[in-house]
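Written out below as structure tokens is the structure these notes cover.
Hydrogens, waters and symmetry mates are skipped; everything else that's a heavy atom, side chains included, is used.
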Amino acid sequence: MTAVRSHRYSVTDADLEEFLARRSSLIATVREGHPGLARTVLIRLEDGTYTDTWHWETAGEMGAAFAALPTFPEAPLTMALTRDGTALNGRVVDER
């Protein structure tokens with residue numbers, strides 16, 4: 001069953017363009033070593049915060065990628081542009 005990791009954070013408007021470039025680079029790097037990353041979805045909410053959901057083919061693939069996170073130099077560079085971040089893991093129960 002598909003696994004997801006959902007992040008919620010803020011990014012200042014001044015940092016958004018750089019954040020998007022770094023996020024894109026991070027996603028590409030993660031996919032090189034962990035092709036189970038099926039898709040990512042970044043949504044700007046009406047309160048100005050963002051939800052960033054990463055969909056994985058399996059929970060095992062998600063776990064392996066997040067265990068390897070310290071080996072991705074793009075990760076701290078990307079997240080340095082965010083603040084007030086939270087993250088939750090879950091499984092897709094119903095998708096239509």
All ring pair (Phe, Tyr, Trp, His ring centres under 6.0 Å) counterparts of Phe19, not counting sequence neighbours: Tyr9
Arg39 versus Glu95, closest heavy-atom pair with distance: NH2-OE2, 3.4 Å
Backbone of Leu88 reached by a side-chain donor or acceptor of Ser6 within 3.5 Å: no
Within residues 52-78 or reaching into it, pairs that qualify as salt bridge (charged side-chain N to carboxylate O under 4.0 Å, His left out) - sequence neighbours excluded: Arg23-Asp52
Heavy-atom pair with the smallest gap, counting every atom of Pro76 and Pro73: CD-O, 3.3 Å
Close side-chain approach of Leu42 to Leu20, heavy-atom, < 4.5 Å: yes
Point-to-point distance, once rounded to the nearest 0.5 Å, from CD1 of Ile43 to OG1 of Thr53: 6.0 Å
Inter-residue atom distance Arg5.CZ - Leu37.CG, 0.5 Å rounding: 12.5 Å
Distance (rounded to the nearest 0.5 Å) between Arg44 CZ and Leu16 CG: 7.0 Å
Note: Asp15-Arg83 ion pair, threshold 4.0 Å (strictly below): no
Common cluster, Trp54/Leu69, ILVMFWY with side-chain heavy-atom separation under 4.5 Å: yes
Mutual orientation of the aromatic rings belonging to His7 and Phe66 [parallel < 30°, tilted 30-60°, perpendicular > 60°]: tilted
Spacing of Thr58 atom OG1 and Arg91 atom CZ [to the nearest 0.5 Å]: 12.0 Å
Path from Met62 to Leu26 over hydrophobic side-chain contacts below 4.5 Å: yes
Arg31, CZ: over 12 other non-hydrogen atoms inside 6.0 angstrom: yes
Qualifying residue for side chain to side chain contact (heavy atoms under 4.5 Å, CB included) with Ser10, from Thr82, Leu81, Thr49: Thr49
Side-chain heavy atoms of Phe72 within contact of Thr78, under 4.5 Å: no
Straight-line distance of Trp56 CH2 to Thr2 OG1, nearest 0.5 Å: 12.5 Å
